[in-house]
Structure formats: C-alpha cells, structure tokens
Amino acid sequence: MTSSALFAGGLALSLAASAALPSARQGQVQVHTEDVPSEVALAGDARGWRTVESSELNEGTGPFWLRAQVEVPPREAGAPTPALALSVLGSWEAWWDGRPLGRNGRVGRTPAEEVPGRVDALLPLPPESSAPGPHVLTMRISAHRLGFQPVGTLHHLQVGEAASLARARMLGLVPALCMLGALVLMGLYHLARVRLAHGGLATLLLGVLCLAAAALVLLEAWRGLANYPYPQHAVRLRLQAAAVLAVAALLPATVHAAFGEPRRWLRWMGLGLGLLSLVFVPGFDGKNSIALGASLVVSTALAVRAWRRGEPWGALGALAGLGFAGTLYLLEPWGFSERGFFLAFGGLLLCLTAVHARQQRRQQERFESATRAAERLQLELLKRSLQPHFLMNTLGALSEWVETEPTQAVRFIEALGSVYRHLLAVSGERTIPLARELELCRAHLAVMGCRQGTAFHLETDGVDLEALVPPALLHTLLENAFSHNRYISPHTFRLQSSLVAEGARPRRRYVFLAPPGTGTRQGGGEGTGSRYLRARLEEAFPGAWRLEDGPTEDGWMTRVEVPA
C-alpha cells in the first residue's frame, strides 16, 4: 500500500511538472548531466535541468538524464494501444509518467559496465498510461562506444500505432531497395560489356558508378534492415562517406569520358583537392552534401561544354538527368544522401545509360560502315596492283630480264611475290604489328627499285616494332608517292615515330616523308589511297585518329596520330 502511494505521488508530481516541460513535438528536451538517483530524476524538480534542441542533444558518454513532454495522439475507441518509437545513439532505460517503460542495452558508468543498445527501438506504452494528451518521458542514457562525435544522439521520437510505425518504416525502404536492384543490374551489365564486348573507358566508369551508387543506397538502407547496435553506426557512416566520395568523383569522370572532354589536369586536380578538403567539414551530412553538390555542378558544366561542342542529343540527355538530380538536391541539400539520392541518381544513371547506349550504337554503326568501306577500298587497291598497265609493264620488263639479266629477273620475281604474300597475309586483319608493315613496305620498294633501275630505301627513327597499325597504311603512302612522283635516282623515304603525352592516355605519332621526285607534281589528294587510309584508321581507332598531310621543303609529309 505504501509503495503504491509513493508511486501515485511520484506520478502526480510528474504529471504536474509536465506542463512546464518542453515538448518533443517542438523539438526540445531537458537534460541533466549528473547521474542522480532515479527518485530525484523522476521527482519533477527543475533544479539541474536545462533545455536543449533535441537534434543537438549530445552530452558525451554519460550517464545523463533526459526528459520531455510527449503527446499521445487521439485514437478511435477499440484501437490498439500506441507505442513509442525511439532512435538513440546509446544505451538507455526509460520511464513513462514515472513508471518503468523498458530498456535498450544496459546503461553503464564505464565502457566495461555498459552493454550497447540498438539504434532503433519500438516500445508498447502501458494501457493505463496511454490516454491521448501530454505525458512525460524520462530516460537515463550512456554512450561510451560511439567512436565519433555526433551532432546529436537523439534521432527520432514518435508515438503512434505500432503496426503503422513499423509499416511506415518498411515502406520507406521499398523504393530505395527497388532502385538498388536496378543500379546493381545496370552496373553488372556495363561491366559485362567491358569484359565481353570490349567496351571503352566510359562503359567501365559507368558500370563502376552504378555499383558505387548501389553501395550508397544499400548503406542508407542498412539501418532500417539490420537495426544494428549503436557502435556500428560510426562504421556505417564512414563507409557511407567513402561511397559518397566515390560517386562524387566517378560521376564527372564518367561524363568526361562519355563526351571526350579535352583533358584539363588542373581542373581535375582542383576537383580532387576540393573533395579531399571535405575532411575539414564538420559532420558526415555536411561532407556528403557538399561532395554530391560539387559533383553535380562539375558534371553539369562538362555536359554543357559537350553540347556547345556539337553533342546535341547525348549532352541534352545527360543534362536532363543532371537537372532532375540537381532539382531534388536543391529541395533538401543537407538530407540529400539519406532521402533524395536513390531517386535522383537512379533517374540520372538511367539517362546516362540511355545516352551511352545511343553512343555505342552510333559507334558500332560507324565501325561497320568503316569496315565495309575498308573492304571495298582494299579490293580497289588490289585491283590497282593488278591493273593491266602495271601487269604489261611488269611482264615486259620481266621478259627482257629473263633473256638479258636472269639474275635481275629472279630478284624481281622474288620481290613481287613477297609483296603479294604480305598483302594476302594482312588483308583480313584489323591491325598488324608495325614490323610486318615495314616488311611489306621494303618488299614494295624492292619491286619499284627493280622497275626503275635504281635503289630505294626506308629509314626509321624511334619506331616500336610491336606497335599496332592498320594493314597497308605505310604501303599506301608509298604507292601514293610513286603515283604522284617520278624517281629516276636513288631516294630515301623516312618514317619517324614518337609518343605524344596527351592526358591520361598517350598517343603515338607517325611522320612519313616522301622525297620530291622529278618530272611530275607532288601531292596527295583524295584518291583511292587517301580514302583507304581514312577508312582503315576509322575501322581500327574509331573517332580517335588524326591524319594530316601537305608539302614541305623536303617533300610530301603525312602525319598520323593514333592511341598508343
């Protein structure tokens, strides 16, 4: 009887004091930093208590006390007893209107004494103390194992029907989990294209970006799926920050690779240093928000530059996705990584995937067109090598040598056979080592030397014999030189090769110099040989080659640049 009276008295005092307590609905609570006995904390005495914003509650390791006025909403007759949903980074025990409500872990004065509680908890309220209206929630909290300095340790406090609270929590995860599956499938698809279909850098970056975004979505959903002990919250936040940095760096890199943006290393260094400087920004939310915002701004600038350079469809598709993501970001910048990210980046990556698919189709169409053109022009070159005028002159000279100079005739037959053997061997290849191309060129020079009755040489400087070039590339340049010039004395053709540093991937430059002849004009023009060169280069290095030619004091120079 005496204990019941004491409890009733304490409850009365608690309820009387509730009118003076700050309301959790207004985002305020009271704290007492001293670990006073529960009788003192529940007595309703105002001494030693101070009011703080609930979102900024952080009283260190504790133990400390918390109390607030909590409103129980009205409900229909016969409705289930409401429950209290709590999200606290720490171990705690709670009282409701002065009556023990439950505990989460075990509050301790030292780390060894404390048993970590889980981040989220759902406690049913006592039926006799769940009437609609204000009630007093009192908590004793300790947090010895946080592992970081949070902005606030009280994340959520709400009263409602237990089933509704649990359902709302799970329904909030459904869109993110659906987008998670889509992001994983897109990422695996792009990586499979890299492995099986020899996709380029843009395909690889897009696949890794999709998986990084999926990892961020999964880390956001981890709390709702696992309800882990509060010490694991620091691990999750650090992994989440790493995923955000990966996404923030990969997004502009993907846009850069997709549109072939000219490389500006100072800009990339500036972006990298900007992301590294985030370590000085307080709080995980601030770091994540600034990183994602900077990534969207840089990516938008790259897409605008691509649109101005003449990439209308692809750039507009990327800008549509970036605009959608940017709009969601501006609506809630500080909570973007937790709430709007999965929708914003899901839509953005779908747009980038569509843009990439269109670019891949156009590249494939261009490759097939170049292949057909190369095959057609290759037949024309073979026809030109077997044209009646060439055959008549060759057979005429050969018949004369057979009678007068058998040794010369044998040498000419061997040189001519070597040329056609090389042509047949490389005709079906997309690229061949430079060593094989030089063998073909020297065989051709031997044939022309026999026909002209003089000697021709090919000097090389700085060449890599293992480097890959389209078949008959230099051979065609030699044929063009003999077609446009008349050589009646010994001449030397020169090939110089060098590596050109251009961005992350160096390029190989070939400079071919044909000496001037006599009696006819120099020149290149757009004949069969030049069309063949361009078609072969496009087939071997789609959109990544350069070809320039023109007269110089030393002859006709042709410059070719291809990826190294």
Side-chain angles (χ1 to χ4, degrees), residues 27 53 55-56 151-152 155-156 171-180 182-183 186 206 209-210 212-221 223-224 237 240-256 258-259 261 267-268 270-308 314-355:
E53 296 292 329
S55 61
E56 299 176 0
V151 176
H155 287 181
H156 184 66
L171 288 177
L173 296 175
V174 170
L177 294 178
C178 292
M179 187 58 67
L180 171 65
L183 291 173
M186 283 194 293
L206 186 55
L209 175 60
C210 289
L216 183 53
V217 173
L218 180 60
L219 289 168
E220 286 292 347
R223 174 176 167 181
L237 290 180
Q240 182 182 352
V244 167
L245 288 178
V247 170
L250 285 168
L251 177 60
T254 302
V255 176
H256 178 282
F259 296 118
E261 172 73 15
R267 298 176 186 175
W268 286 112
L271 176 61
L273 292 175
L275 293 177
L276 289 176
S277 67
L278 293 175
V279 298
F280 301 104
V281 177
F284 286 97
D285 290 341
K287 290 182 175 67
N288 297 343
S289 177
I290 293 174
L292 293 174
S295 177
L296 289 173
V297 169
V298 173
S299 301
T300 302
L302 292 174
V304 170
R305 286 172 58 87
W307 176 68
R308 290 179 176 176
L316 290 178
L319 285 173
L322 289 166
F324 174 69
T327 301
L328 293 180
Y329 175 84
L330 293 175
L331 291 176
E332 193 178 11
W334 298 113
F336 179 69
S337 64
E338 297 181 359
R339 285 174 283 277
F341 173 83
F342 74 92
L343 182 61
F345 267 68
L348 170 59
L349 291 175
L350 285 175
C351 290
L352 290 180
T353 298
V355 169

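The nearest pair of heavy atoms linking A212 to A246 is CB-CB, 4.3 Å. The shortest heavy-atom contact between L219 and A243 is CD1-CB, 4.1 Å. Here the closest non-hydrogen pair linking S295 and P252 is OG-CD, 3.3 Å. Scanning both residues, A303 and L319, for their nearest heavy atoms gives CB-CD2, 3.6 Å. Residues L245 and A291 come closest through the heavy atom pair CD2-CB, 4.3 Å.
In this structure, the separation between CD on Q240 and CG on L218 is 11.0 Å, given to the nearest 0.5 Å. Here the OG1 atom belonging to T300 is positioned 4.0 Å from the CG atom belonging to L322, to the nearest 0.5 angstrom.
In this structure E53 satisfies the side chain to side chain donor-acceptor pair (under 3.5 Å) test together with Q28, sequence neighbours excluded.
Results of the side chain to side chain contact (heavy atoms under 4.5 Å, CB included) test with L251 over L296, V298, L292, L206 single out L296 as the only residue that passes.
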